[in-house]
Amino acid sequence: MDLAFWDKQINRATELTWQSPSNELLSFYARVLSAQREIYEFLWTANQETDLKLLSETMPILLKAVEETGSQQLREEMEWLKTSSATDVVNMLLEYLSHPSPTRFFEKALFQPYGRRRWESGASEIASQAGGQECPFCGGRPQVSYLQFDASSESANRNLVCAACLLSWSFRRGVCVNCGEEDPEKLVYFQAEENNHVRVETCDRCRSYIKTVDLTKLGTAVPLVDEVASAALDLWAAEKGYTKIEINLVGL
Ligand SMILES: [Zn+2]
Ligand SMILES: [Zn+2]
């Protein structure tokens, strides 16, 4: 069990919320992370095998977070969830597993701590080989990319974080995460003057983008959180006609 992982996310989100108190997306995300920490801890400490039935029991934890800080739209979406049975929620999770959609907030938010708990406890790999564009554990798509100094190669290595199960895996630099394009002319990076440890990596072949958090520039950054905090870059990319590889939990 790695509660320190969640504490790191929550502390960074809280710190950034203090810096920009009017950023509602960020304060919502901080609250969702706390709920996910609680869900994760419940899944680890429950004295039974982690399955969808057990996960469905954690829905009230997430609903509380949405009730307190969620958007009007999410609060409307959760109305039926408040009165749904455990079987309804299990069916909803099963439906999501067969048709995953990045815009399904409730399922995605529950499956992140669930997935993390599964690979931490050594569940066998079910998906593709390491080093590819998909998560080697669950086959999910990357939410964010980050650069980190690697002492063995004495250079900054690139990693991707899975949007579905939060596993990190290494991925080559200078390659489009979506289509594999390597032509530097087609891969254009953009970053704001402020917070320049986060950049948008676009690809002109498939018109997609992902954000990269450079931990060699700002060691206190936390990829998933700094990705959410840099919403201005998503607006920039959308204006230029690029599509994000995977929408994050706050819907950007
Ligand atoms: Zn995954
Ligand atoms: Zn591409």
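Start at 1 and go down the list; that is how both ligands and their atoms are numbered. The first residue of the sequence shown is numbered 1, and numbering continues consecutively from there.
- Each of Arg199, Glu227, Glu201 was compared with Thr212 under the side-chain hydrogen bond (donor to acceptor under 3.5 Å, both in side chains) criterion, and only Glu201 meets it.
- Salt-bridge annotation for Arg116 and Asp2: present, with a side-chain N of the basic residue lying under 4.0 Å from a carboxylate O of the acidic one.
- Figure legend: Arg158 and Phe171 shown without cation-pi pairing, the cationic atom not lying both under 6.0 angstrom from the six-membered ring centre and within 45 degrees of its axis.
- Aromatic ring orientation, Tyr242 versus Trp236: parallel (interplanar angle below 30°, classes split at 30° and 60°).
- A distance-only check finds no donor-acceptor pair linking the side chain of Gln9 to the backbone of Val222 [under 3.5 Å].
- Between Lys108 and Glu246, at least one side-chain nitrogen of the basic residue sits less than 4.0 Å from a carboxylate oxygen of the acidic one, meeting the salt-bridge criterion.
- Protein N/O/S atoms found under 2.8 Å from the Zn ion (ligand 2): Cys176 SG, Cys179 SG, Cys203 SG, Cys206 SG.
- With contacts defined as side-chain heavy-atom distances shorter than 4.5 Å, the pair Val32/Phe105 qualifies.
- Protein atoms that are N, O or S and lie under 2.8 Å from the Zn ion (ligand 1) are these: Cys135 SG, Cys138 SG, Cys162 SG, Cys165 SG.
- Once rounded to the nearest 0.5 Å, the distance linking CZ of Arg12 with CG of Leu224 reads 12.5 Å.
- Looking only at atom types and distance, the side chain of Arg117 has a donor-acceptor partner in the side chain of Ser121 under 3.5 Å away.
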